[in-house]
There are 4 protein chains.
Amino acid sequence: MHTPAKMTDNRAEQGSYSFPAPAADAATRRPGRTNRTQHKLFNAALAIMSVKGPSSTTVEEVALAAGVSKGTVYYNFGSKKTMVDQLLQYGAQLLADQVVHGAQDDDPRAAVRGGVLAALRYLEEHPGFARLWIAETWKGPESWSATLIEIRGQLIEAIEKMLQRLSSRYSVDSSQDIRTMSVAIFGSIFMLSMDREVHSSPRSAEESVLPVMLMIDSYIKA
Amino acid sequence: MHTPAKMTDNRAEQGSYSFPAPAADAATRRPGRTNRTQHKLFNAALAIMSVKGPSSTTVEEVALAAGVSKGTVYYNFGSKKTMVDQLLQYGAQLLADQVVHGAQDDDPRAAVRGGVLAALRYLEEHPGFARLWIAETWKGPESWSATLIEIRGQLIEAIEKMLQRLSSRYSVDSSQDIRTMSVAIFGSIFMLSMDREVHSSPRSAEESVLPVMLMIDSYIKA
Amino acid sequence: MHTPAKMTDNRAEQGSYSFPAPAADAATRRPGRTNRTQHKLFNAALAIMSVKGPSSTTVEEVALAAGVSKGTVYYNFGSKKTMVDQLLQYGAQLLADQVVHGAQDDDPRAAVRGGVLAALRYLEEHPGFARLWIAETWKGPESWSATLIEIRGQLIEAIEKMLQRLSSRYSVDSSQDIRTMSVAIFGSIFMLSMDREVHSSPRSAEESVLPVMLMIDSYIKA
Amino acid sequence: MHTPAKMTDNRAEQGSYSFPAPAADAATRRPGRTNRTQHKLFNAALAIMSVKGPSSTTVEEVALAAGVSKGTVYYNFGSKKTMVDQLLQYGAQLLADQVVHGAQDDDPRAAVRGGVLAALRYLEEHPGFARLWIAETWKGPESWSATLIEIRGQLIEAIEKMLQRLSSRYSVDSSQDIRTMSVAIFGSIFMLSMDREVHSSPRSAEESVLPVMLMIDSYIKA
DNA sequence: AATGAATGAGCGTTCATTCAT
DNA sequence: AATGAATGAACGCTCATTCAT
């Protein structure tokens, strides 16, 4: 009797499901494997939890939406917490990838713009992920999983790296702490994403990136 | 025949307790009354919920911390939800007041700085409030109380007003949507506050205001 | 400090309130006394309990409807149980009086008809009482108060007496047990009353008395 | 994906348990299945509730008596109300069946007697059911479930049908409303049953049927 | 690999009752 | 005589988790 309960291999396969499948590396993928049930559960969990919040979402709801039984959730993830963690981990990796990918530009300013835009677009497409993450983060440090801390670090770091590149071509405001700016940018991005989804403000990613660029422009002109 | 449970008069008195007493209007206040129990509960709730989050905090914990019985919570607030709502409402009013008060300056730019600083300082002093609010907000629109929507409106509006004043003295970047900027600033402020508390980054309010001012400076130079 | 809490004198006064004031003996009545508050509570309790049942009715509801505070109920009755008991006792006395009064006829058959009619009319006018009584009775012997047993005895006895008079003028079916017939009649009366109120069947007391008279007619013709 | 909590299939099997098993149709029944837990709960609930009344009976008591946990009650019935409803529905069906079965006689008068006797005997054997039903009914129309209304209809209807057959062989008293008579008979039966159990009057069903037959005899001789 | 059934700790809420004023 | 405030025991219900099959 095989009991996975602590799976770590949760890459997507080429099935059709709402959470994005990782790009490329098709060559190395095993054809029909990589647990279909877990993906069904991921997507069901994401859909429901991003609406009701993870703590108000019951395991049964998720199981029902995924078309499996409650026991199956435990067979696959071992606990609710584990499921949420893995969901977060998966989504964050994807987001970080997007940012790095969007920031590929020779001009550092354009790179920042590209990275921020990529983040905004990702969050636009997967609003549930942002919601889920914030919900978990705001529970406070006591209840954070290692996963959560790691994720946040990745993202802030991705922003910091983009900012650091700026000084290679522009004269920057040395009085500004890069970490502080990263956090401010991070906050702007998230709040704009939330505002869009939660208050149904029809703001495009292009519009949302503008305030961030204002900040950048002051930074590099100083 | 007095039936609390739906109290609306929750003004503070000049006692010593951790949640700030509303400024001024001391003249009209009744001396020794104005529900002491509700304040004890407010403070206990704020202290605990800002650490564990409202949904993971039990009514009994709050009652215990306030030194009253569980029943007393229900006698005074009628439900857990009501208690949280009133807590939020109370704190938000105070925050909005602080922002308006901090923004009193003839120079619109200095006014923005003052307002943002005031907000940052308030959140620095009452980190629980910010945490609590975000936790509630991020539950998603379905579960929002009228209170929540109202609060958010007040705050965003306070920022918008400060931005609008800028165009009276400076030439501003007309391509920027004021609402979008407000949301971005709002996000920066909150994330900086959270970062400070949650990751114990020893950033002062003066440091935190800088990224926001960068944004403003680009805006008015455009 | 006077604490009545176990009052027994709960006769009505000449105020206007929905529970019927005892007829006659006006001469002996004390003018303005006999606790007005208790009457307000009686009527409020009867009104609410006959709709929701006594166990689902809270002391607070009754107090509210009577326009007094919860504490006042306890000051006046000592406990919820006592209040219900006294309510029952009061109503039952009135009903028994009505039956006896309605049965005043030289012809025993007409007397039965008169008694039954009187009961039906009383229950028609005070449906809450019947409901309340049954609710209490059906809780089972364990939870009966002495009051309840006494009341039932009075009523069944009143019916039995009427049946006994029949043999003085008619030849009766000696194979019938009078007690059994009384209970049967009692059941008919109650169920007809309940049916009328509870299913809003627009049956008059005159119609309802007919089945009972059929029973009587067989009894005296045998 | 099986979600009980709203079960409709609560037929009994041929096990030995205090609530009567439905007659016949043994052919179609699954051998060892047909939820044993629900039957244990039915019987425990009936036993306790008929003594203390449903509202004074706690779910925990029932669970304990049935030898399962509280959670199991909710797994099986979803709510206390549902459990009571299904209990009632089940018992009522059985009673109605008994009446119909007891009323099988070519002579309509004998059929009535048979039907009434069957009802009396059923209630004699299952006094808890009658008590439970009355307790629910007397809560008043506001709190009735559809179940309750349906049940009452079935039973009254069963009586009405027997009365209607009388006119096929006898000349009947056309001035009598059949509905009114049914209700009266219904009341007699119930009160006699209650009297027997609740006041431990050692009256046999044969004795109890007599008053009802008196009524019938007047009816058909008119 | 999956699941139906069961569990039990815990939570929000209710409400009869007490008591100082 | 009356009441506002507080209490605490108890209740209905939820839900993450376990486990035999």
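Proteins get letters first, then strands, A, B, ... in listed order; numbering begins at 1 in each.
- When each of A:Thr72 and B:Thr57 is assigned the nucleotide of DNA chain E with its nearest heavy atom, A:Thr72 is the one assigned upstream, toward the 5' end.
- The nucleotide F:dT21 finds its pairing partner in E:dA2, both defining distances of the Watson-Crick or G-U wobble pair being shorter than 3.5 Å.
- Across the interface with DNA chain E, nearest-nucleotide mapping of D:Val73 and A:Val73 shows A:Val73 to be the residue nearer the 5′ end.
- Shown here for A:Leu87 and A:Leu46, the closest heavy-atom pair between the two residues is CD2-N, 3.9 Å.
- Within the 3.5 Å criterion, the main-chain N or O of A:Pro54 finds a donor-acceptor partner in the side chain of A:Lys80.
- Across every strand in view, E:dA16 sits in a pair with F:dT7 that passes the Watson-Crick or G-U test at under 3.5 angstrom.
- The backbone N or O of D:Val68 lies less than 3.5 Å from no partner atom in the side chain of D:Thr72, so there is not a single donor-acceptor pair.
- If you take CZ of C:Phe77 and P of E:dA16, they are 15 Å apart, rounded to a whole angstrom.
- In this structure, A:Leu64 atom CG and E:dA2 atom P are separated by 16 Å, rounded to whole Å.
- Of the side-chain N and O atoms in B:Lys80, one or more sit less than 4.0 angstrom from OP1 or OP2 of E:dG12.
- In this model, the phosphate group of F:dA6 is approached by a side-chain N or O of B:Thr37 to a distance below 4.0 Å at OP1 or OP2.
- The backbone N or O of D:Gly78 sits nowhere less than 3.5 Å from a side-chain atom of D:Thr82 that would complete a donor-acceptor pair.
- Between A:Val59 and D:Val59, the residue whose closest nucleotide on DNA chain F is further toward the 5' end is D:Val59.
- A 3.5 Å limit on both hydrogen-bonding distances identifies F:dG12 as the Watson-Crick or G-U partner of E:dC11.
- Atom-to-atom, CD of B:Glu61 to C1' of E:dG12 comes out at 13 Å; the value is rounded to the nearest Å.
- If you take OH of D:Tyr74 and P of F:dC11, they are 11 Å apart, rounded to a whole angstrom.
- Atom pair B:Ile48:CD1 and E:dC11:P shows a separation of 12 Å (rounding to whole Å applied).
- For the pair B:Glu60 CD and E:dA9 P, the computed distance is 16 Å after rounding to whole Å.
- One finds no side-chain N or O of B:Tyr75 lying less than 4.0 angstrom from the OP1 or OP2 phosphate oxygen of F:dA6.
- If you find the closest nucleotide of DNA chain F to A:Thr58 and to B:Gly71, the one lying nearer the 5' end belongs to B:Gly71.
- Within the 3.5 Å criterion, the main-chain N or O of A:Thr58 finds a donor-acceptor partner in the side chain of A:Glu61.
- Judged by distance alone, with hydrogens and angles left aside, C:Lys70 brings no side-chain donor or acceptor close enough to the base of F:dT3 to form a pair under 3.5 Å.
- OP1 or OP2 of E:dA6 lies within a sub-4.0 Å distance of a side-chain N or O belonging to D:Asn76.
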